[in-house]
Peer 1: 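Got a structure here, written out as structure tokens. Questions coming.
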Number of protein chains: 2
Amino acid sequence: MSRLNLTTQRKAILDLVQSCEDHPTAAEIMERLRMNGHQFAYGTVYNSLRYLTDAGLIRELKLGETASRYDGRTEDHYHIVCKKCGRVDEVLSAPPADWIREVAAKTNYDVHHSQVVFEGVCYSCKHPNA
Amino acid sequence: MSRLNLTTQRKAILDLVQSCEDHPTAAEIMERLRMNGHQFAYGTVYNSLRYLTDAGLIRELKLGETASRYDGRTEDHYHIVCKKCGRVDEVLSAPPADWIREVAAKTNYDVHHSQVVFEGVCYSCKHPNA
DNA sequence: AATTAAATTTATACTAAGTCTAAATACTAC
DNA sequence: GTAGTATTTAGACTTAGTATAAATTTAATT
Ligand SMILES: [Mn+2]
Ligand SMILES: [Mn+2]
Ligand SMILES: [Zn+2]
Ligand SMILES: [Zn+2]
């Protein structure tokens with residue numbers, strides 16, 4: 001509940017994540033920061049990513065891989081992973097409200113949130129010679 | 001592609017996972033095996049869980065927690081996690097085919113599979129005094 | 001049955017991702 | 001400017017899981 005405090009490090013990490021076309025892991029973020037001339041402590045990168053996630057400025061994605069990925073897009077959306085090349089693309093269609101209501105009714109839960117990860121083969125991997 | 005080989009250890013672990021009402025982690029499985037009088041090496045439990053998962057006899061669930069959970073139910077189904085007490089319940093309604101088709105069309109992927117994890121508050125946590 | 005070969009288990013070392021700690025810096029409020 | 005709070009840093013530590021190599025079990029061959 002305390003007010004936002006964007007230090008140099010946090011700002012640089014926020015800018016970087018927001019500028020990414022993809023969904024980098026913490027390790028990839030550190031690598032890119034280094035390439036941009038920054039050199040922050042290992043722990044600071046993790047602390048900042050958590051801080052920015054808690055502040056709602058970025059999102060942490062747990063896609064079932066060993067490492068979390070980070071996303072500059074904060075609107076609710078989902079992801080699809082190519083099992084051939086590993087790329088992660090956006091899924092902007094939300095699950096139908098009817099289905100969510102049905103799940104809530106059948107499980108007796110208040111459903112607050114859903115994480116959806118699709119798995120499949122992307123266009124480039126499907127058409128390798130195009 | 002080799003034929004199934006259920007050793008004593010693998011069989012005991014399969015039986016245990018299939019008998020569970022819940023979705024135990026590897027650590028919980030080891031603990032329960034020990035309580036049932038078994039004493040297998042740490043690595044054997046992990047190896048067996050992988051073997052059984054690859055053989056399609058059990059399922060590995062990656063629900064975004066730090067450890068995988070295992071599931072004796074092998075039909076396609078989904079899960080809902082209570083953010084108060086941590087319990088994991090079954091979700092047996094599948095996402096509507098229309099929605100999956102829409103996702104495939106918009107992303108240009110061949111969609112093979114989807115992982116869905118709902119998050120919310122379970123009945124007991126909602127009605128604590130009942 | 002004895003011998004060889006292949007698969008599995010075991011104990012233990014190692015890895016990867018992330019958290020924790022305590023000292024050093026930086027920022028705020030007075 | 002001083003005191004107090006927040007953050008960064010370096011490095012130790014934790015957790016979940018994998019890799020390795022020797023020992024054991026199982027299967028195949030003579
Ligand atoms: Mn995204
Ligand atoms: Mn289940
Ligand atoms: Zn691909
Ligand atoms: Zn609950």
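Each chain gets a letter, A, B and so on, in the order its sequence line appears, and its residues count up from 1. As the structure is a prediction and not an experimental result, all values here were calculated from the model.
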Peer 1: Any salt bridge (Lys or Arg N to Asp or Glu O under 4.0 Å) pairs touching residues 51-64 of chain B, not counting sequence neighbours?
Peer 2: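 Non-adjacent pairs meeting salt bridge (Lys or Arg N to Asp or Glu O under 4.0 Å): Arg59(B)-Asp76(B).
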
Peer 1: Should the side chain of Tyr42(B) and the base of dG17(D) be counted as holding a donor-acceptor pair, with the cut-off at 3.5 Å?
Peer 2: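 Yes, the side chain and the base share a sub-3.5 Å donor-acceptor pair.
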
Peer 1: I need the CG-P distance between Leu61(B) and dG17(D), as an integer number of Å.
Peer 2: 12 Å

Peer 1: Decide whether Gln9(B) and His38(B) meet the rule of one side-chain donor and one side-chain acceptor closer than 3.5 Å.
Peer 2: no

Peer 1: Can you check the Arg69(B) CZ to dT15(D) P distance for me, whole Å?
Peer 2: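 Arg69(B) atom CZ is separated from dT15(D) atom P by 16 Å.
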
Peer 1: Round to the nearest Å and state the distance from Asp54(B) atom CG to dA7(C) atom C1'.
Peer 2: 16 Å

Peer 1: Can you tell me if Glu90(B) and His77(B) form a side-chain donor-acceptor pair at under 3.5 Å?
Peer 2: yes

Peer 1: Assuming nearest nucleotide by heavy-atom distance, tell me which of Ala27(A) and Asn47(A) is located more 5' along DNA chain C.
Peer 2: Ala27(A)

Peer 1: Counting only side-chain nitrogens and oxygens, does Arg50(B) get under 4.0 Å of the OP1 or OP2 atom of dG17(D)?
Peer 2: no

Peer 1: What is the separation between atom CG on Leu6(A) and atom C1' on dC27(C), rounded to the nearest whole Å?
Peer 2: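 One finds 14 Å between C1' of dC27(C) and CG of Leu6(A), rounded.
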
Peer 1: Return no unless some side-chain N or O of Tyr46(A) is found under 4.0 Å from OP1 or OP2 of dG18(C).
Peer 2: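 Tyr46(A) to dG18(C) OP1/OP2: side-chain N or O found under 4.0 Å.
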
Peer 1: Tell me whether the count of non-hydrogen atoms from other residues, nucleotides or ligands lying under 6.0 Å of NZ in Lys84(B) goes above 12.
Peer 2: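 Atom NZ in Lys84(B) is not crowded, with 12 or fewer foreign heavy atoms closer than 6.0 Å.
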
Peer 1: Is it the case that the side chain of Ser48(A) and the backbone of Thr44(A) share a donor-acceptor pair, with hydrogens and angles ignored and the cut-off at 3.5 Å?
Peer 2: yes

Peer 1: Taking only side-chain nitrogens and oxygens of Thr7(B), does any of them come within less than 4.0 Å of OP1 or OP2 of dT9(C)?
Peer 2: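 For Thr7(B), the contact criterion (side-chain N or O under 4.0 Å from OP1 or OP2 of dT9(C)) is met.
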
Peer 1: May I ask you to verify if any side-chain N or O of Gln9(A) is less than 4.0 angstrom from the OP1 or OP2 atom of dT9(D)?
Peer 2: yes

Peer 1: Mind checking Thr44(A) for me? I need base, sugar-phosphate or nothing, with any heavy atom below 4.0 Å counting as a touch.
Peer 2: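 Counting heavy atoms under 4.0 Å across all strands, the contact made by Thr44(A) includes a base.
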
Peer 1: Could you state the CG-P distance from Leu52(B) to dT9(C), rounded to the nearest angstrom?
Peer 2: 10 Å

Peer 1: Please report, rounded to the nearest Å, how far the P atom of dT9(C) is from the CG atom of Leu49(B).
Peer 2: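 Nearest whole value for this atom pair: 12 Å.
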
Peer 1: Roughly how many Å is it from CZ in Arg3(B) to C1' in dA27(D), rounded to a whole number?
Peer 2: 10 Å

Peer 1: Base, sugar-phosphate, or nothing: which does Ser68(B) touch, judged by heavy atoms less than 4.0 Å apart?
Peer 2: sugar-phosphate

Peer 1: Let's see if you can work this out: which of dA17(C), dT18(D), dT9(D) has an atom nearest to the side-chain heavy atoms of Ala41(A)?
Peer 2: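 Nearest to the side chain of Ala41(A) among the choices is dT9(D).
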
Peer 1: Is the shortest side-chain N/O distance from Asn5(A) to OP1 or OP2 of dT7(D) below 4.0 Å?
Peer 2: yes

Peer 1: Whole angstroms only, please: what is the NZ-P distance between Lys62(A) and dA16(D)?
Peer 2: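 Result: 13 Å.
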
